[in-house]
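Quick notes on the structure that follows.
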Amino acid sequence: DEKDLERHFEHTIEKDQRIEPRDWVPEGYRKTMIRQIAQHAHSEIIGMQPEGNWITRAPSLRRKAILLAKVQDEAGHGLYLYSAAETLGADRADLTEKLISGRQKYSSIFNYPTLTFADVGAIGWLVDGAAICNQVPLCRSSYGPYARAMIRICKEESFHQRQGYELLMTMMKGTQAQRDMVQDAVNRFWWPSLMMFGPPDAESANTAQSMAWKIKRHTNDELRQRFVDMTVPQAEALGVTLPDPELKWNPERGHYDFGPVDWDEMKQVVAGNGPCNTERLARRRQAHEDGAWVREAAAAHARKMAEAK
Ligand code: FAQ
């Protein structure tokens with residue numbers, strides 16, 4: 001009965017084993033898992049836009065080939081994650097509908113504009129860096145299909161992060177104008193990258209339950225701190241400053257202290273009022289409508305094949 005199923009579920013979590021698609025799960029677990037996976041998938045798909053804007057303007061064939069590959073990887077991650085959500089009973093068409101009607105979220109970071117080519121580097125270094133920091137522990141997430149998806153995704157994210165850092169390093173060895181461009185990109189992307197980890201723990205509605213279910217392995221603040229600690233030495237090696245006067249090594253804590261994140265800005269961006277929210281959703285909606293004939297043709301083909309059988 002239900003009590004036995006629940007005990008089995010709790011036992012699986014307790015023993016650090018994976019929950020698989022055919023296992024019984026409490027409705028809350030299913031809901032929160034679909035929510036997180038869908039938001040993650042939407043982020044990958046919307047996240048193609050800021051960098052995609054630079055594909056036709058990449059400064060060399062080499063940079064263009066790298067950028068094309070990266071943006072294609074993001075599409076792959078999105079599709080992979082939608083498939084993981086489907087194993088929980090979610091319907092992909094329904095998830096897409098919820099995204100383009102603004103009823104489901106995607107990461108705040110993709111609502112900022114990419115003004116120069118240095119932004120492609122800053123996204124790779126900082127945004128993918130933050131994504132790796134957040135997602136490596138998710139390789140041990142309790143839901144099997146999600147955890148396994150994270151393994152492959154993290155490997156590709158590592159390549160993305162390196163290409164960003166290498167791009168910025170190349171620009172830093174260039175002209176003063178190029179160095180200024182890098183610094184400007186870092187100034188604009190630093191704080192939004194810290195917001196990617198979610199609200200502070202005290203205001204995070206989902207963390208406690210998601211930690212208990214071992215969906216999340218660390219809190220938002222823990223991972224944000226880990227990202228800051230990891231990034232400061234990289235900024236020094238690169239020769240840029242991070243735009244936070246309060247950033248300072250704290251020997252007692254063994255971590256870098258950093259200044260307050262502008263949570264009002266984050267709330268505004270998540271609520272739909274960031275600089276590019278309208279543009280991003282409009283573009284996604286248009287792409288979905290433009291693709292209607294492909295979906296119809298595929299469905300017609302599938303019908304014909306079934307009839308022929
Ligand atoms: N933006 O209670 P919590 C990438 C929402 S990386 C928008 O703390 P939770 C790679 C949150 O969903 C980006 N919304 O929530 C890439 C919740 O909303 P709800 C994607 C945010 O789930 C790089 C509410 O606020 N990565 O795509 C944000 O426990 C370059 C309360 O928050 C992932 O999704 C935000 N920044 O913790 C692609 C990683 N933060 O549904 C292209 C997986 C929070 O209750 C180019 N996700 N919210 O109304 C996670 O680890 C978690 O879901 C967190 C949030 C940590 C994001």
Side-chain angles (χ1 to χ4, degrees), residues 28 31-54 67 70-78 80-81 84-85 98-99 102-112 114 119-139 141 143 146-147 149-150 153-154 156-161 163-164 189 191-213 215-224 226-227 261 263 265-274 277 280:
K31 263 202 183 135
T32 208
M33 213 55 253
I34 290 177
R35 176 185 65 79
Q36 179 165 327
I37 298 176
Q39 286 177 6
H40 194 166
H42 297 331
S43 302
E44 298 280 359
I45 297 299
I46 296 282
M48 294 168 73
Q49 293 185 37
E51 292 164 284
N53 279 337
W54 281 94
L67 189 52
K70 180 182 194 280
V71 174
Q72 283 178 16
D73 284 352
E74 286 153 8
H77 297 172
Y80 214 41
L81 287 164
K98 283 181 172 141
L99 167 66
R103 281 177 296 151
Q104 263 177 1
K105 296 189 169 94
Y106 59 90
S107 181
S108 51
I109 190 72
F110 303 115
N111 293 307
Y112 293 87
T114 41
D119 290 13
V120 170
I123 289 177
W125 176 38
L126 298 173
V127 177
D128 287 283
I132 293 168
C133 210
N134 164 269
Q135 288 167 36
V136 164
L138 292 174
C139 295
S141 188
Y143 190 57
Y146 187 53
M150 282 305 123
I153 289 175
C154 284
E156 295 184 347
E157 300 286 24
S158 302
F159 152 67
H160 296 171
Q161 202 260 357
Q163 71 81 35
F189 277 95
W191 291 107
S193 298
L194 295 189
M195 296 173 195
M196 287 174 69
F197 294 92
D201 292 349
E203 284 157 45
S204 166
N206 303 297
T207 294
Q209 182 61 73
S210 288
M211 296 275 287
W213 277 331
I215 291 171
K216 285 168 82 163
R217 293 295 190 151
H218 304 279
T219 71
N220 299 353
D221 286 332
E222 282 166 14
L223 292 173
R224 192 168 8 252
R226 188 181 284 186
F227 175 68
V261 176
W263 297 117
E265 175 180 320
M266 179 176 164
K267 274 179 204 144
Q268 281 300 315
V269 176
V270 174
N273 306 318
N277 296 59
R280 300 286 186 247

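Both ligands and their constituent atoms are indexed starting at 1 by order of listing. Note that this is a predicted model, so its numbers are computed, not measured.
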* To do: Select one of side chain, backbone, both or neither to describe which atoms of H40 lie under 4.0 Å from any atom of ligand 1, heavy atoms only.
  => both

* Please report which non-hydrogen protein atom sits nearest to atom 3 (P) of ligand 1, along with the residue it belongs to and the distance in Å to one decimal place. => S204 OG, 3.3 Å

* Any M266 heavy atom less than 4.0 Å to ligand 1 -> yes

* Structure fact -> A student checking ligand 1 against F197 at a 4.0 Å heavy-atom cut-off should list atoms 56 (C)

* Structure fact -> Closest heavy-atom approach to atom 13 (C) of ligand 1 among A131, P200, S107, A130 is made by S107

* Give the contacting part of L223 toward ligand 1: side chain, backbone, both or neither, where contact means a heavy-atom distance below 4.0 Å. => neither

* To do: Would you mind checking if D73 and K70 are paired as a salt bridge, meaning a charged N to carboxylate O distance below 4.0 Å?
  => no

* Asked: Going by the atom numbers of ligand 1, which of them fall below 4.0 Å from some non-hydrogen atom of Q135?
  -> 6 (S), 26 (N)

* Identity and distance of the protein heavy atom lying nearest atom 39 (C) of ligand 1 -> N134 OD1, 3.0 Å

* Structure fact -> Quick look: N220 vs ligand 1, heavy-atom contacts under 4.0 Å, and the answer is side chain

* If you have a sec, work out which protein heavy atom is nearest atom 29 (O) of ligand 1 and how many Å separate them, to one decimal? => K216 NZ, 2.7 Å

* 4.0 Å heavy-atom contact, Q104 with ligand 1 -> no

* What atoms of ligand 1 come closer than 4.0 angstrom to any heavy atom of A205? -> 2 (O)

* **Side chain to side chain, M33 and Y146, heavy atoms closer than 4.5 Å** => yes

* To do: Answer side chain, backbone, both or neither: which part of K105 comes under 4.0 Å from ligand 1, heavy atoms only.
  => side chain

* Asked: In terms of residue, atom name and distance, what is the protein heavy atom nearest to atom 7 (C) of ligand 1?
  -> Y106 O, 3.4 Å

* Asked: Which residue from N206, T207, I37 reaches closest to atom 24 (C) of ligand 1 through any of its heavy atoms?
  -> N206

* Nearest protein heavy-atom contact for atom 46 (C) of ligand 1: which residue, which atom, what distance? -> E74 OE2, 3.1 Å

* For atom 30 (C) of ligand 1, which protein heavy atom lies nearest, and how many Å away is it? -> D128 OD1, 3.6 Å

* Asked: Using a heavy-atom cut-off of under 4.0 Å, does the side chain or the backbone of E51 touch ligand 1, or both, or neither?
  -> side chain

* **Atoms in ligand 1 flagged as close to Y146, the criterion being non-hydrogen separation under 4.0 Å** => 43 (C)

* Provide the number and element of each atom of ligand 1 under 4.0 Å from a heavy atom of E157. => 10 (C)

* Asked: In terms of residue, atom name and distance, what is the protein heavy atom nearest to atom 57 (C) of ligand 1?
  -> M196 O, 4.0 Å

* Asked: To which of G198, P199, S43 does the heavy atom nearest atom 25 (O) of ligand 1 belong?
  -> P199

* Nearest heavy atom to atom 1 (N) of ligand 1: which of P192, S210, S108 does it belong to? -> S108

